[in-house]
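Side chains included, hydrogens not; waters and symmetry mates left out as well; all remaining heavy atoms used.
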Amino acid sequence: MSDPQRPRASLRTAVVWEVLKDALDRRAKATGRDGALDVLDTGGGSGNFAVPVARLGHRVTVVDPSPNALFALERRAAEAGVAERVRGVQGDAHGLFDVVERGGYDAVLCHGVLEYVDDPAEGLRNAVAALRPAGTLSVLAAGLGGAVLARALAGHFTEARQALADPEGRWGAGDPMPRRFTADQLTELVAGAGLEVGAVHGVRVFADLVPGVLVDTEPGALDALLQLEAAAAELPAFHSVATQLHVLAERD
């Protein structure tokens with residue numbers, strides 16, 4: 001994912017960013033701690049969300065298994081002038097509490113993690129255990145329907161059907177994504193971890209299907225497509241064709 005602050009990249013991140021920003025604003029007001037939250041970004045990589053969150057004034061800890069990603073995070077945070085508010089540590093979702101504090105965060109981002117971990121339920125439970133009471137969890141994961149639609153539109157009909165039938169939502173041995181979810185599967189995972197689901201959004205409903213040349217050359221096309229994505233994101237009918245699914249939830 002790209003930085004939510006960059007216009008072209010916003011096609012892929014705008015919906016999640018707006019929902020996350022509003023949720024952090026609400027949580028900051030509720031805590032009354034001068035508006036600064038402690039945020040944990042599991043699998044946060046090079047800081048695609050961590051750095052913009054730090055720009056809002058929050059303290060962000062990024063846990064990622066890749067040293068290269070953490071190096072890029074350090075560089076990006078320095079370039080953005082938020083190095084003092086961003087900390088990167090090497091680790092993963094299953095060994096989370098080897099590197100961070102249990103129950104120490106007002107918000108946890110679990111973006112692009114559940115597709116790759118061996119046990120999504122355990123990974124999610126660890127993310128929840130990192131939350132303080134009334135903390136906010138943001139989950140972003142690959143959507144099954146978007147992959148099926150993409151394979152079908154590319155003429156790979158057998159692969160599209162395979163993805164529908166496969167328990168992990170994979171279209172074949174060459175599929176780079178280990179696992180995909182339906183909206184029901186993702187919300188059940190979140191609820192099963194003891195959280196109250198607040199909102200579900202479809203992400204990149206249209207963005208991956210529209211030719212890039214159209215968005216780049218047609219006057220006003222980018223803004224119009226962003227508005228369309230935002231309008232469709234909350235409608236359950238579009239969750240089934242979204243490339244990604246976003247769930248926002250809170251700990252009691």
- prompt: Between Leu40 and Leu96, is a side-chain contact (heavy atoms from CB on, under 4.5 Å) present by the stated rule, with each step listed?
  reply: CA-CA 11 Å; Leu40 175 65; Leu96 191 61; 4.1 Å; yes
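- Criterion: ILVMFWY side-chain heavy atoms under 4.5 Å apart, direct or through other members. Under it, Leu195 and Phe181 are part of a common hydrophobic cluster.
- The shortest side-chain heavy-atom distance between Trp171 and Arg161 does not fall under the 4.5 Å cut-off.
- The CG atom of Asp208 sits 3.5 Å away from atom OG1 of Thr243, with the distance rounded to the nearest 0.5 Å.
- The two residues Leu248 and Ala23 make their nearest non-hydrogen contact at CD2-CB, 3.7 Å.
- Between the OG1 atom of Thr13 and the CD atom of Glu18 there is a distance of 9.0 Å, given to the nearest 0.5 Å.
- The heavy-atom pair separating Ala242 from Gly202 by the smallest distance is CB-CA, 3.7 Å.
- Expressed to the nearest 0.5 Å, how far CG of Leu245 lies from OG of Ser240 amounts to 9.5 Å.
- Both Val241 and Leu225 sit in one connected hydrophobic cluster of ILVMFWY residues. Membership requires side-chain heavy atoms under 4.5 Å apart, directly or through other members.
- Taking the side chain as every heavy atom from C-beta outward, Val117 and Glu122 never approach each other to under 4.5 Å.
- Residue Phe71 places its CZ atom among 12 or fewer non-hydrogen atoms of other residues, nucleotides or ligands, all under 6.0 Å distant.
- Residues Val60 and Phe49 fail the side-chain proximity criterion, which asks for heavy atoms closer than 4.5 Å.
- The 12-atom threshold is exceeded at CD of Gln185, counting heavy atoms of other residues, nucleotides or ligands nearer than 6.0 Å.
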Requested in this report: Check the pair Glu234 / Val15 against side-chain contact (heavy atoms from CB on, under 4.5 Å), numbers first and verdict last.
Outcome: CA-CA 10 Å; Glu234 293 188 46; Val15 168; over 6 Å; no
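- Put simply, the side chain of Glu250 does not reach to within 4.5 Å of the side chain of Leu131, judged on heavy atoms.
- Separating the OH atom in Tyr116 from the CZ atom in Arg179 is a distance of 10.5 Å, to the nearest 0.5 Å.
- Of all heavy-atom pairs between Pro52 and Trp17, the closest is CB-CH2, 3.4 Å.
- Between Leu109 and the choices Val39, Val62, Thr42, the side-chain contact (heavy atoms from CB on, under 4.5 Å) rule is met once, by Val39.
- Between Asp175 and Asp166 the shortest side-chain heavy-atom distance does not fall below 4.5 Å.
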Does the side-chain contact (heavy atoms from CB on, under 4.5 Å) test come out yes or no for Leu20 and Val53, once each step is laid out?
CA-CA 9 Å; Leu20 179 62; Val53 167; 4.2 Å; yes
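- Here the options are Arg27, Arg132, Arg59, the test is side chain to side chain donor-acceptor pair (under 3.5 Å), and the partner is Asp106; only Arg132 passes.
- Annotation for Asp64 and Gly43: closest pair OD2-C, 3.4 Å, computed over non-hydrogen atoms.
- Other residues, nucleotides and ligands contribute over 12 non-hydrogen atoms within 6.0 Å of the CD atom of Gln90.
- Evaluated for a side chain to side chain donor-acceptor pair (under 3.5 Å) with Gln244, the options Arg180, Arg204, Glu115 yield exactly one hit, Arg204.
- When the side chains of ILVMFWY residues are joined at heavy-atom separations under 4.5 Å, either directly or via intervening members, Val197 and Val128 end up in a single hydrophobic cluster.
- Between the CG atom of Leu228 and the CG atom of Asp223 there is a distance of 12.5 Å, given to the nearest 0.5 Å.
- Between Val108 and Ala127 the shortest heavy-atom distance is CG2-O, 3.7 Å.
- Interatomic distance, Leu186 CG to Leu124 CG, rounded to the nearest 0.5 Å: 8.0 Å.
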Which atom pairs, one a donor and one an acceptor, fall under 3.5 Å between side chains of residues 133-155 and the rest of the protein, sequence neighbours left out?
unit_1: Ser138; atom_1: OG; unit_2: His111; atom_2: NE2; d: 2.7
unit_1: Ser138; atom_1: OG; unit_2: His246; atom_2: NE2; d: 2.7
unit_1: Arg151; atom_1: NE; unit_2: Glu159; atom_2: OE1; d: 3.0
unit_1: Arg151; atom_1: NH2; unit_2: Glu159; atom_2: OE1; d: 2.5

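- For His239 against Ala183, the heavy-atom pair with the smallest separation is CB-CB, 4.2 Å.
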